[in-house]
Amino acid sequence: MKKNVLVLGSGGREHALAYQLSQSPLLGQLFVMPGNPGTGTLALNLSGSPESGQDVIRAVEQFDIGVVVCGPEAPLAAGVMDAIAEAPLDVPPICIGPNSSGARLESSKAFAKEFMERHGVPTAAYRSFSKDQLEEALEYLEQRHPPIVLKASGLAGGKGVVICQDHPSAAQELMAMFAGKFGAASGTVVVEDFLEGVELSVFIITDGRDYLLLPEARDYKRVGEGDTGPNTGGMGAISPVPYATPEVMQRICKEVIEPTLEGLRRDGIPYQGFLFFGLMLCGNGPYVIEYNCRLGDPETEVMLPRMQTDLLSCFVALGEGRLREVEAVTDPRAAATIVLVSGGYPGDFERGKEVRLPAQVPEGSMIFHSGTRLEYGNLLTNGGRVLALTSLAADAAGALEASIHLAEAVEFNGKNYRRDIGRDLLPGSDSSAHPS
Ligand code: AMP
Ligand code: GLY
């Protein structure tokens with residue numbers, strides 16, 4: 001039976017989710033709340049706040065929604081999935097996203113670290129301190145070898161991590177965090193050891209018992225080429241990742257994913273939806289840098305187009321307790337995503353620049369909208385990250401080249417992007433081999 005689907009969110013990740021869902025033979029009607037001009041070409045964009053249980057439940061009732069898929073973390077942390085579960089609906093929808101207790105894996109880094117320690121999931125040595133423990137925290141800092149990583153425990157829009165190169169700067173940063181640098185999110189700070197290695201983003205869909213592994217990705221966070229300049233929400237991504245060999249992925253399943261799901265069960269935390277493992281692959285194996293209770297952005301834009309298993313059939317199987325029957329089929333081609341950002345981002349930037357898209361998008365490439373809006377039929381920039389451009393090709397070099405080509409063809413004032421996404425991993429470059 002066909003299902004009407006509601007996607008929550010408004011970025012490039014949600015456009016990629018909508019795109020993938022729109023290909024499904026199981027899809028009835030597609031809705032996105034609030035969506036963007038890109039999702040508007042595939043779905044009906046609904047007004048309302050994805051963080052409001054009331055707005056979401058109203059849409060579920062009005063449009064006979066069978067599946068709710070949450071893109072960002074904020075609605076999950078705010079308890080939107082809990083609200084749906086508690087609502088007196090005749091036929092409750094399948095919820096893709098955990099309730100607020102499962103979302104704590106992302107919304108509280110202190111909780112996530114305790115969880116990993118308790119369940120033997122490899123992670124950097126750490127301690128958490130609340131702002132009334134300044135003395136103790138400073139003492140602990142002194143005992144650690146720099147670089148020292150300080151993390152605001154709460155949600156800080158991906159900006160709450162600071163890597164300090166020496167003791168004085170770590171102490172200064174800690175005091176700034178306690179003083180409210182990241183608002184309430186840094187009222188508790190996780191102090192952890194620096195891990196040397198290569199990063200990898202791994203995603204699963206799970207019902208808390210079984211799981212389906214999605215294509216892995218590598219995200220490029222720094223604004224400048226050669227990984228320079230400040231951190232952003234993500235300037236691009238590639239998939240597959242050459243050092244994520246079958247052996248490495250198998251270790252990740254056994255040492256990270258399965259102990260995490262087992263831990264959730266032991267703690268009595270129900271979990272269904274996506275789970276994103278931000279990993280550091282070190283010489284002696286994988287370590288968890290962070291959990292996210294959602295997919296990544298821009299990783300989704302690079303990874304979902306490689307997924308050949310019908311996404312909606314996975315969601316339906318999950319809802320019916322049949323996830324273990326689903327087989328993950330992945331496109332062997334490589335994908336590269338380049339994010340076009342506004343000039344000045346991640347610092348101050350202007351919105352409202354007119355965006356001109358090429359009349360034709362080449363076969364194998366796609367344009368996902370991140371921060372755009374329509375005004376009297378004109379497409380305007382409306383965020384730091386404006387568009388995510390994804391291309392599929394036989395190899396990573398070809399995919400990158402096609403995305404650069406598309407990036408050149410899009411025009412807006414102040415357009416900025418990185419031309420080196422994935423270039424460090426191309427055959428022949430130094431870091432293309434597995435670190436160990
Ligand atoms: P997060 O917001 O937790 O993803 O952290 C942002 C970035 O900080 C990560 O992508 C890593 O590059 C870096 N990072 C976080 N924790 C560590 C760590 N323990 N060791 C080294 N780098 C880290
Ligand atoms: N690109 C990293 C994230 O979505 O958290």
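Reckoned from all heavy atoms, side chains included, excluding hydrogens, waters and symmetry mates. Each ligand, and each atom within it, is numbered from 1 in the order the structure gives.
- A heavy-atom distance below 4.5 Å is found between the side chains of P72 and E14.
- Only side-chain heavy atoms of E299 come within less than 4.0 Å of ligand 2; its backbone N, CA, C and O stay farther off.
- Looking only at side-chain heavy atoms (C-beta outward), H369 and L357 come within less than 4.5 Å of each other.
- Annotation: Y291 is in aromatic contact with F277 [ring centroid separation under 6.0 Å].
- Within the 3.5 Å criterion, the main-chain N or O of K415 finds no donor-acceptor partner in the side chain of S342.
- Within the 4.5 Å cutoff, no side-chain heavy atoms of I421 are placed close to those of S403.
- Stacking of R127 on the aromatic ring of Y140 is recorded, both the 6.0 Å distance cut-off and the 45° axial limit being met.
- In this structure, F115 has its ring center closer than 6.0 angstrom to the ring center of H119.
- In this structure, G234 falls outside the shell of residues with a heavy atom less than 4.0 angstrom from ligand 2.
- Only the side chain of R294 comes within 4.0 Å of ligand 2, judged by heavy-atom distances.
- Of all the atoms in ligand 2, the ones that sit under 4.0 Å from a non-hydrogen atom of D219 are 1 (N), 2 (C).
- Of all the atoms in ligand 2, the ones that sit under 4.0 Å from a non-hydrogen atom of G233 are 1 (N).
- Side-chain atoms of L318 and I96, non-hydrogen and from C-beta on, do get closer than 4.5 Å to each other.
- A cation-pi arrangement is present between R218 and Y220, with the terminal nitrogen or guanidinium carbon under 6.0 Å from the aromatic centre and inside a 45° cone about the axis.
- Protein residues with any heavy atom under 4.0 Å from ligand 1: K109, V149, K151, V161, I163, E192, D193, F194, L195, E199, K221, M280, I289, E290.
- Considering backbone and side-chain atoms together, K221 places no N or O closer than 3.5 Å to any N or O of ligand 2.
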